[in-house]
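Step one of this worksheet: look at the structure below.
Throughout, a chain's letter reflects where its sequence line sits, starting with A, and its residues are numbered from 1.
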There are 2 protein chains.
Amino acid sequence: MTNPQMPYPRPIATVDLVIVALTEAGLEVLLTRRDIEPYAGEWALPGGWIHIDKDIDLEAAACRVLREKTGVETPYLEQLETFGSAGRDPRGWSISVSYVSLIATNQMRLPAAEHRTDVAWTAVTDDTVAVPLSFDHAKIVKSALTRLRNKVEYSTLPVHLLPSGFTLTELQAVYERILGRRIDKSAFRKRIAEVDFVEPVFGEMRRASNRPAQIYRVKAGRSTILFDRTL
Amino acid sequence: MTNPQMPYPRPIATVDLVIVALTEAGLEVLLTRRDIEPYAGEWALPGGWIHIDKDIDLEAAACRVLREKTGVETPYLEQLETFGSAGRDPRGWSISVSYVSLIATNQMRLPAAEHRTDVAWTAVTDDTVAVPLSFDHAKIVKSALTRLRNKVEYSTLPVHLLPSGFTLTELQAVYERILGRRIDKSAFRKRIAEVDFVEPVFGEMRRASNRPAQIYRVKAGRSTILFDRTL
DNA sequence: ATAGTTAGTGTATTTTGTCAACTAAGTTAT
DNA sequence: ATAACTTAGTTGACAAAATACACTAACTAT
């Protein structure tokens with residue numbers, strides 16, 4: 001820093017979001033089609049420039065992007081990793097602060113309604129989406145899903161992928177689908193009880209042609225808790 | 001993004017480093033005294049603007065700062081968290097991409113030689129340094145040390161705080177000092193053997209007035225490995 | 001009633017962690 | 001020389017925890 005009064009040229013600064021939901025098909029990521037250059041017409045993560053006049057901080061910028069794309073107001077939002085280099089954007093040296101957001105499918109004001117071709121949920125396999133992505137967004141997606149899978153192993157994070165009322169069997173199924181392996185029912189319930197982050201909603205039951213299941217909700221303020229050990 | 005061809009005003013972009021070493025006194029963090037406004041004369045984390053003409057990417061910028069301050073060339077360097085807001089720097093909306101670096105005390109070309117008053121190692125207690133820090137750097141230090149302590153629990157990360165040859169007892173002592181609790185010798189050695197990341201340097205022994213101890217080194221390419229379970 | 005299905009719990013077995021003792025190999029004091 | 005001391009490194013008994021698997025419960029459909 002020889003003379004910082006003389007301003008250095010500044011890099012481009014953006015936030016990009018990996019918005020994840022779990023559907024029947026598996027994990028899906030929300031993508032948008034770019035309407036301007038560079039990469040016009042191609043798929044990219046929802047994101048945008050930081051508006052230094054409107055956004056009070058990074059998280060506010062990420063929230064704004066999320067609201068604009070999905071209408072979700074109070075999501076699970078976590079900073080992921082920051083990518084910055086001379087080459088990742090043809091317009092010049094750029095920084096992307098990336099965030100992961102988990103949302104329950106039913107929480108959205110359907111941003112990907114059938115007739116829209118500029119927003120789409122895209123299935124993820126092997127931490128990769130099926131379509132090619134602009135910039136280094138494929139790397140960001142991979143980073144997000146690696147982090148997600150690791151964290152699921154020792155946290156209550158998957159509740160954010162479910163609606164507010166759910167059964168323990170449903171919760172277990174979310175863990176199993178993300179981890180890609182079976183979990184023992186009794187071990188799973190023991191762990192959930194220890195962590196003490198859900199409570200039964202008395203009277204509310206999920207009914208089917210079998211024994212009804214108790215419906216649970218997250219205890220106030222305990223939505224993300226880390227386990228001592230892995231599942 | 002209404003018209004991104006018209007450039008938005010860009011935030012200030014910097015990298016800041018939490019450089020950690022372990023001395024007899026405990027964990028210490030390297031601080032520098034600022035020579036220019038804002039906060040001239042006060043302590044801050046080593047850091048600097050991203051030079052978009054010289055730095056190829058964020059990690060290169062962090063490496064440059066580390067080299068300038070400590071002379072260390074091949075450190076353990078890990079991206080931590082990115083802080084950005086309208087208010088954290090009086091000069092305007094600014095982004096700080098923070099990194100943690102672990103270095104062995106003896107690896108440095110003494111940046112904090114006795115006669116220098118602009119660089120200093122400062123003891124950490126309770127994830128806080130003893131002196132007040134500029135900007136939001138106290139928050140960055142806290143974030144770094146929280147991450148460090150968590151990660152020590154399930155990774156081989158502490159080797160980076162030791163010189164290249166070390167005994168298992170020395171390695172265990174590093175874990176114990178960071179975690180602040182005793183670890184059972186036999187359990188510790190079992191875990192280290194399982195992870196298989198160190199190997200004995202045959203013939204080299206640490207000698208004292210007792211039974212000599214085998215000296216170990218990190219196996220090539222296995223310097224940072226995660227455990228299945230916690231220590 | 002009975003069969004079928006999923007919810008929810010209990011238990012035996014195996015695995016893992018804890019604690020403490022033990023042997024090993026050197027130095028130092030007598 | 002030898003006994004005392006110190007730290008290195010290993011072993012085994014016991015307690016605690018994870019795992020697998022079976023069992024009981026509560027409903028619907030036939």
Side chain to side chain contact (heavy atoms under 4.5 Å, CB included) against A:S143, all qualifying residues, sequence neighbours excluded: A:L80, A:E81, A:F83
Contact nearer the 5' end of DNA chain D, comparing A:A208 with A:R191: A:R191
From CG (B:L45) to NE2 (B:H137), nearest 0.5 Å: 5.0 Å
Nucleotides 4-11 of chain D: protein proximity per nucleotide (B base, S sugar-phosphate only, - neither; heavy atom, under 4.0 Å): --BBBB-B
Opening and closing nucleotides of DNA chain C in contact with chain A, under 4.0 Å to non-hydrogen atoms: C:dG4 to C:dG10
Close N or O pairs between protein and nucleotides 13-15 of chain D (under 3.5 Å):
none

Check: B:Q79 and B:E59 side chains under 4.5 Å, non-hydrogen atoms: no
Compile the donor-acceptor pairs under 3.5 Å between side chains in residues 149-163 of chain A and protein atoms, sequence neighbours left out, one pair per line.
unit_1	atom_1	unit_2	atom_2	d
A:R149	NH2	A:D127	OD1	2.9
A:R149	NH2	A:D127	OD2	2.3
A:N150	ND2	A:T146	O	3.4
A:K151	NZ	A:E78	OE1	3.2
A:K151	NZ	A:E78	OE2	3.0
A:E153	OE1	A:R181	NH2	3.4
A:E153	OE2	A:R181	NH2	2.3
A:S155	OG	A:K151	O	2.8
A:S155	OG	A:L157	N	3.2
A:T156	OG1	A:S223	O	2.9
A:T156	OG1	A:I225	N	2.8
A:H160	NE2	A:T224	OG1	3.1

Atom-pair distance (CZ on A:F227; P on D:dA18), nearest Å: 12 Å
Partner set under salt bridge (charged side-chain N to carboxylate O under 4.0 Å, His left out) for B:K219, not counting sequence neighbours: B:D196
Value in whole Å for how far the P atom of D:dA18 lies from CD1 of A:I183: 14 Å
B:L66 CG to B:I103 CD1 distance, which is reported to the nearest 0.5 Å: 6.5 Å
Distance (rounded to the nearest 0.5 Å) between B:C63 SG and B:L58 CG: 11.0 Å
Parallel, tilted or perpendicular: ring planes of B:Y175 versus B:F188, cut at 30 and 60 degrees: perpendicular
Aromatic ring proximity B:Y216/B:F166, centre distance under 6.0 Å: no
Which atom of A:A130 lies closest to which atom of A:T122, heavy atoms considered: N-CG2, 4.1 Å
